Protein chains: 4
Amino acid sequence: MTATTPRTARGEQTRRRILEAAEHVFAELGYTEASVSRITDRAGVGQGTFYLYFASKLDLFDELVEDLNRRVRQAMSEGSADATTRLEAERAGFAAFFRFTAEHPALYRVVREAEFVSPDALRLHYTRIVEGYIAGLEQARADGEIGDIDPTVAAWALMGIGEMIGMRWVLWGDSANGEGGGDADPTAAGTSAVPEHVLDEMMRFIGGALGRPGWSMNGEAS
Amino acid sequence: MTATTPRTARGEQTRRRILEAAEHVFAELGYTEASVSRITDRAGVGQGTFYLYFASKLDLFDELVEDLNRRVRQAMSEGSADATTRLEAERAGFAAFFRFTAEHPALYRVVREAEFVSPDALRLHYTRIVEGYIAGLEQARADGEIGDIDPTVAAWALMGIGEMIGMRWVLWGDSANGEGGGDADPTAAGTSAVPEHVLDEMMRFIGGALGRPGWSMNGEAS
Amino acid sequence: MTATTPRTARGEQTRRRILEAAEHVFAELGYTEASVSRITDRAGVGQGTFYLYFASKLDLFDELVEDLNRRVRQAMSEGSADATTRLEAERAGFAAFFRFTAEHPALYRVVREAEFVSPDALRLHYTRIVEGYIAGLEQARADGEIGDIDPTVAAWALMGIGEMIGMRWVLWGDSANGEGGGDADPTAAGTSAVPEHVLDEMMRFIGGALGRPGWSMNGEAS
Amino acid sequence: MTATTPRTARGEQTRRRILEAAEHVFAELGYTEASVSRITDRAGVGQGTFYLYFASKLDLFDELVEDLNRRVRQAMSEGSADATTRLEAERAGFAAFFRFTAEHPALYRVVREAEFVSPDALRLHYTRIVEGYIAGLEQARADGEIGDIDPTVAAWALMGIGEMIGMRWVLWGDSANGEGGGDADPTAAGTSAVPEHVLDEMMRFIGGALGRPGWSMNGEAS
DNA sequence: AATGAATGAGAGTTCATTCAT
DNA sequence: TATGAATGAACTCTCATTCAT
């Protein structure tokens, strides 16, 4: 009935254990199939303990989405911090996103199911990421780095590309077709978790879309 | 376990009634929250009747995804039948897709949840649509209509764009932000169910991505 | 609502088909697990047809027990018809009983479950067989063939021996232990469906019980 | 699926209450007709509580058979502990068995239905009892107390006799025919729960079968 | 702070039986 | 005579949540 914020270090630790267990269980089973008892089992705490820190299963869900959202955005901005061009930044950001996806499949799976569980959490999640894109695109446009596109539409399009390519090549893996050539450890820092040539092609696609003449297809100069 | 194919016209009609009710209930509540009894209530049949025609709730789900997939692909190919260029075809196809989404929100909502319900159905759904894109792109490339892009990566990117734009502007609607300017009846034939300028911008994005100089950004002539 | 007696030859045939199917399905699954639809499926008739000939599933059960009871008693009396002594008759009767059990496992399985389904049918079944034993024992006692035993108690004891030995060696088979030596075809006429030495030992047991000096154990004459 | 062993005294008590209620409900209705809700109603606990301690209705069944089997064997061996001859032991054992049957009719009814519910439990039940008989018979034969019979066959025969006599005179009671003469309280210690003369006749039968001349029929002295 | 015990609402599914054709 | 369609009651089982300790 009353989820409290932990008052002691021990309590804080217990709370974190539950949150971590939840990430794994949700990633494995999805929100619906994941039961509170499974989460507490994995966390190694009693079932009643759960309600000491979370008001409900849904509350936990919202917190988890919030948490993952914060972390994926941080990973993306850290990943693209050293980039000098917009396209470089985009590439680095996507690579970080794919790496995060590989490490935290819960992000995908939980978010995809979220529409029926917590629509607001879902919208907030996407919107926040898109806002980052928009800011970057507006800056790039002001700098004359990209063409005269609508940043909002482009941002949602980029979001969609990232989600679908991520689903196809990170979650499903190469086993889904005969492409082969997957990197050995998709979570290793500096790699992208999707085959290099897929990332290449994806960036050519995006480069053309964003209107950098140097990236357009037929070789004619701008 | 004892699902049979209807042997009489009456049976066939009942089966269709259930399928239609299911589409609505799934669209409203998602797979998990939708209960068999809710579906049969809406269909106006007894609960036991359900199991005359479907082996399980999951079986119904698979049939529904299959059905919607067939229909959305047909709508897309019919929508783009009269196009003379690849870009025209792409635009018409997306417009048809958005229209279908507006008319059948179940497609979206059910598919997004499918990952935990019936992963195979999910993959098959996306893969089939993507295959259509790939075929079109390969043809366009052979005809010199588009640049030298990887059709597979591009197809998945296009799929992602359509899904995300559709979610943002068709499912969420304009209420999601202050853009305004929504068409009166998003399902009316000939309209696209997303604001016209969003479709325009989206096609500029895609045109650039696919590498037609005439569509590239910086104002240089084709 | 109204089970009718068949009026045509075709109807009679349908009825028999259902009864035969029921015997097999009951033998395989028992009364509770056997469903009417499974029986009609096996019989190759529609589900509604069932109620043309049987008032209910329970009615069918009673008829089947009655039918099997009639047949097993006939098999036993036919089997022992040529016997010249009571013990010979007993042995031949048991052999026939075991053979019938091997051919019609439904007898056992259905009867064992009958206590909760149709107690009267169960009692009638056992009582009728026991009555046969009693009559034979009384005759034998009058003829001085056996000792001065209580025919009723002895008859129930014999019934129990037959049932348990049948269950152990006919239904469970030799696989239940390492005895081996099972006859090749337990249903072949003239064989007993239980290993010969088991029948031998069983008859030695019964012979002693019934008090025929020649059959008693320690070899001392009467 | 999540059945646990109680960790507190309160839990242990609840578990026992369910087990006891189950014995009564099973005895009254048999396995199939007995529903979990009827059992929990009788136990005075919620339906969900059942699954705290038993994985399924079948699991409970197996535990109950196991429990009854252990107790009936203990009753039999306690009952025959003071016997000085094999026949005395046999008689005391049967009397204990009948008494147990009168007190715990569930044993019979549940076991008879078990063939379709839990065949392994059924076999185990009979086999364990039979093993006790075999051990006793082998000892008696070694001691020269009984004739040269096959202990295995004899043991199963004895099992059958006990089961059938018990069914006829304990479960059905004297009402089944006009014999009369039933003991006042069939569960009173020291009585046998079947009419004395039935036990007498049954033991004469068995005595003859096992081959002690003193027990054979025709009146010759031992 | 922590937890095992307890619960009842609700889920999916089966099935004997009735009925219109 | 024959049948497929239809049904609703009843079943077993799950689970988020509350509570006493």
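None of these values were measured; they are calculated from a predicted model. Hydrogens, waters and symmetry mates are skipped; everything else that's a heavy atom, side chains included, is used. Order of the sequence lines sets the chain letters (A, B, ...), proteins ahead of strands, with each chain counted from 1.
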Stepwise side chain to side chain contact (heavy atoms under 4.5 Å, CB included) test for A:Glu20 and A:Arg16: CA-CA 6 Å; A:Glu20 258 162 49; A:Arg16 278 234 77 75; 4.2 Å; yes

Scan C:Ala9 against the nucleic acid and name what it touches under 4.0 Å (heavy atoms): base, sugar-phosphate only, or nothing.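 Counting heavy atoms under 4.0 Å across all strands, no contact is made by C:Ala9.
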
So, are [X] and [Y] salt-bridged, with charged N and O less than 4.0 Å apart?
X: C:Glu23; Y: C:Arg71; answer: yes
X: D:Asp41; Y: D:Arg38; answer: no
X: C:Arg70; Y: C:Asp67; answer: yes

Without decimals, in angstroms, what is the distance between [X] [atom1] and [N] [atom2]?
X: C:Arg17; N: F:dA2; atom1: CZ; atom2: C1'; answer: 12 Å
X: B:Glu33; N: E:dG12; atom1: CD; atom2: C1'; answer: 14 Å
X: C:Ile39; N: E:dC15; atom1: CD1; atom2: P; answer: 11 Å
X: A:Leu60; N: F:dA16; atom1: CG; atom2: C1'; answer: 12 Å
X: C:Leu29; N: E:dA16; atom1: CG; atom2: P; answer: 11 Å
X: D:Leu58; N: F:dC13; atom1: CG; atom2: P; answer: 8 Å
X: D:Arg38; N: F:dT12; atom1: CZ; atom2: C1'; answer: 15 Å
X: C:Phe54; N: F:dA2; atom1: CZ; atom2: P; answer: 13 Å

Might you work through the side chain to side chain contact (heavy atoms under 4.5 Å, CB included) test for C:Leu68 and C:Val72, ending with a clear yes or no? CA-CA 6 Å; C:Leu68 287 170; C:Val72 76; over 6 Å; no

Which nucleotides of DNA chain E pair, in dot-bracket form (Watson-Crick or G-U under 3.5 Å, | meaning another strand): .||||||||||||||||||||

Which residue is it: C:Glu33, C:Arg109, C:Glu28, C:Arg112? I am looking for the one with a side chain to side chain contact (heavy atoms under 4.5 Å, CB included) to D:Phe116. C:Arg109

Evaluate side chain to side chain contact (heavy atoms under 4.5 Å, CB included) for B:Tyr53 paired with B:Leu19, printing each intermediate quantity in order. CA-CA 10 Å; B:Tyr53 302 111; B:Leu19 214 46; over 6 Å; no

Please compare C:Phe50 and D:Val36 by the position of their nearest nucleotide in DNA chain F and report the one closer to 5'. C:Phe50

Judged by each residue's nearest nucleotide on DNA chain F, which is more toward the 5′ side, D:Tyr31 or A:Ser56? D:Tyr31

Min side-chain heavy-atom separation D:Leu122-D:Val111 under 4.5 Å: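 Of all side-chain heavy-atom pairs linking D:Val111 with D:Leu122, at least one is under 4.5 Å.
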
Filtered N/O pairs between nucleotides 4-6 of chain F and protein, under 3.5 Å:
| from | atom 1 | to | atom 2 | distance (Å) |
| --- | --- | --- | --- | --- |
| F:dA5 | OP1 | B:Arg7 | N | 2.9 |
| F:dA5 | OP1 | B:Thr8 | N | 3.4 |
| F:dA6 | OP1 | B:Thr14 | OG1 | 2.5 |
| F:dA6 | OP2 | B:Thr14 | OG1 | 3.4 |
| F:dA6 | OP2 | B:Tyr53 | OH | 2.7 |

Please state whether the phosphate of F:dT17, meaning OP1 or OP2, lies under 4.0 angstrom from any side-chain nitrogen or oxygen of A:Tyr51.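 The answer is yes; a side-chain N or O of A:Tyr51 sits under 4.0 Å from OP1 or OP2.
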
Assign each of D:Gly44 and C:Ala34 to its nearest nucleotide of DNA chain E by heavy atoms, then name whichever residue's nucleotide is nearer the 5' end.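 The residue mapped nearer the 5' terminus is D:Gly44.
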
Assign the ring pair C:Phe26 / C:Tyr31 to parallel, tilted or perpendicular, where the plane angle (0 to 90°) is split at 30° and 60°.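 Tilted, since the angle between the ring planes falls between 30° and 60°.
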
